[in-house]
Amino acid sequence: MYYIILACAGGIIALAGIAYLAGLLYLKRFGIEAEAEVIEAKEKFNLKGRSTGSYVHKMRYSVDGKSYEVEDRAGYSKPLAKGSVHTILCAPKNPKKFKFEADVQSHITIAAVFIAMALIFAGRFIYAYMK
């Protein structure tokens, strides 16, 4: 019974990873690519007023003739240079939601590796149970 529980835990983790990977692949395939300029970088603070060690960037970009100024949610540990230009992928239905293209590509790779690890984990305990 213990092996089945562990195999199910691995399967649930793999399913969650697959859902996350599907969202990233959708954004990569159907997302609107745009060039965004950093217009402001500020440090994030927690509720107690302490620095979190990450930065929020306000980005300016245009999609389908409309201009947007939106803060990112990436939380980089070093601020991006003001005035620098980065490639982003915007959600097709809501251009205010975006991710940096380089982050999307690396997250796809990482998610695929974690899914493979979760499936190997689940398979190992299913094999042990069947033995």
Side-chain angles (χ1 to χ4, degrees):
M1 184 67 173
Y2 177 70
Y3 291 145
I4 292 295
I5 292 171
L6 289 174
C8 288
I12 290 169
I13 292 169
L15 287 176
I18 289 169
Y20 179 66
L21 182 61
L24 289 173
L25 291 173
Y26 176 80
L27 187 62
K28 181 80 172 166
R29 174 83 168 107
F30 298 108
I32 301 167
E33 190 173 309
E35 296 294 321
E37 178 186 4
V38 178
I39 57 174
E40 181 183 355
K42 59 183 177 183
E43 196 169 5
K44 285 173 65 174
F45 294 94
N46 63 14
L47 295 175
K48 294 181 181 180
R50 292 185 178 166
S51 170
T52 61
S54 61
Y55 291 85
V56 175
H57 305 94
K58 187 175 273 192
M59 310 294 286
R60 178 185 300 140
Y61 58 94
S62 295
V63 174
D64 294 333
K66 291 184 180 179
S67 183
Y68 297 95
E69 287 187 10
V70 183
E71 289 185 349
D72 71 352
R73 299 185 309 170
Y76 289 128
S77 59
K78 293 183 181 177
L80 299 174
K82 187 175 179 180
S84 62
V85 177
H86 303 274
T87 304
I88 61 171
L89 293 171
C90 301
K93 294 180 182 175
N94 185 2
K96 288 187 176 184
K97 292 184 179 180
F98 71 90
K99 291 185 185 225
F100 292 99
E101 183 186 25
D103 290 348
V104 170
Q105 187 59 45
S106 65
H107 291 178
I108 287 171
T109 305
I110 292 168
V113 169
F114 280 126
I115 290 167
M117 288 172 39
L119 290 173
I120 290 169
F121 179 86
R124 182 252 186 254
F125 287 109
I126 289 171
Y127 176 75
Y129 177 75
M130 299 285 219
K131 221 160 94 170

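- For the side chain to side chain contact (heavy atoms under 4.5 Å, CB included) test, residues two or more places apart in sequence or in another chain that qualify with Leu80 are Val38, His57, Tyr76, Ser84, His86, Phe100.
- Note on residues 2-26: pairs passing side chain to side chain donor-acceptor pair (under 3.5 Å), not counting sequence neighbours, are Tyr20-His107.
- Residues forming a side chain to side chain contact (heavy atoms under 4.5 Å, CB included) with Ser51 (at least two apart in sequence, or on another chain): Glu43, Phe45.
- Considering CE of Met59 and CD of Glu35, their distance stands at 9.5 Å, rounded to 0.5 Å.
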Verdict with supporting geometry, Tyr61 and Phe98, side-chain contact (heavy atoms from CB on, under 4.5 Å): CA-CA 11 Å; Tyr61 58 94; Phe98 71 90; 3.7 Å; yes
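- The hydrophobic cluster containing Leu25 also contains Leu27, counting ILVMFWY residues as joined when their side-chain heavy atoms lie under 4.5 angstrom apart, directly or transitively.
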Sequence neighbours left out, cut at 3.5 Å: what donor-acceptor pairs do the side chains of residues 114-131 make with other protein atoms?
none

Before you tell me yes or no, could you show the steps for Arg60 and Tyr68 under side-chain contact (heavy atoms from CB on, under 4.5 Å), namely the whole-Å CA-CA distance, both residues' side-chain angles and the distance that decides it to 0.1 Å? CA-CA 6 Å; Arg60 178 185 300 140; Tyr68 297 95; over 6 Å; no
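- Both Ile32 and Val70 are assigned to one and the same hydrophobic cluster, defined by single-linkage of ILVMFWY side chains at heavy-atom distances under 4.5 Å.
- Hydrophobic clustering (ILVMFWY, side-chain heavy atoms < 4.5 Å, transitive): Ile88 and Val63 are in one cluster.
- The side chain to side chain contact (heavy atoms under 4.5 Å, CB included) search around Lys58 returns Ile39, Glu40, Glu69, Glu71, not counting sequence neighbours.
- Closest approach of Pro79 to Ala41, counting heavy atoms only: CB-CB, 4.1 Å.
- Of the candidates Ile108, Leu89, Asp103, Ile108 is the only one forming a side-chain contact (heavy atoms from CB on, under 4.5 Å) with Leu24.
- The number of heavy-atom neighbours closer than 6.0 Å to CG of Asn94, taken from other residues, nucleotides and ligands shown, is above 12.
- Residue Met1 belongs to a hydrophobic cluster whose other members are Ile5, with links defined by side-chain heavy atoms closer than 4.5 Å.
- Although no hydrogens or angles enter the test, the distance criterion places no donor-acceptor pair under 3.5 Å between the side chain of Ser54 and the main chain of Ser77.
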Just do the salt bridge (Lys or Arg N to Asp or Glu O under 4.0 Å) check on Glu101 and Lys28 with the steps written out, would you? CA-CA 8 Å; Glu101 183 186 25; Lys28 181 80 172 166; 3.8 Å; yes
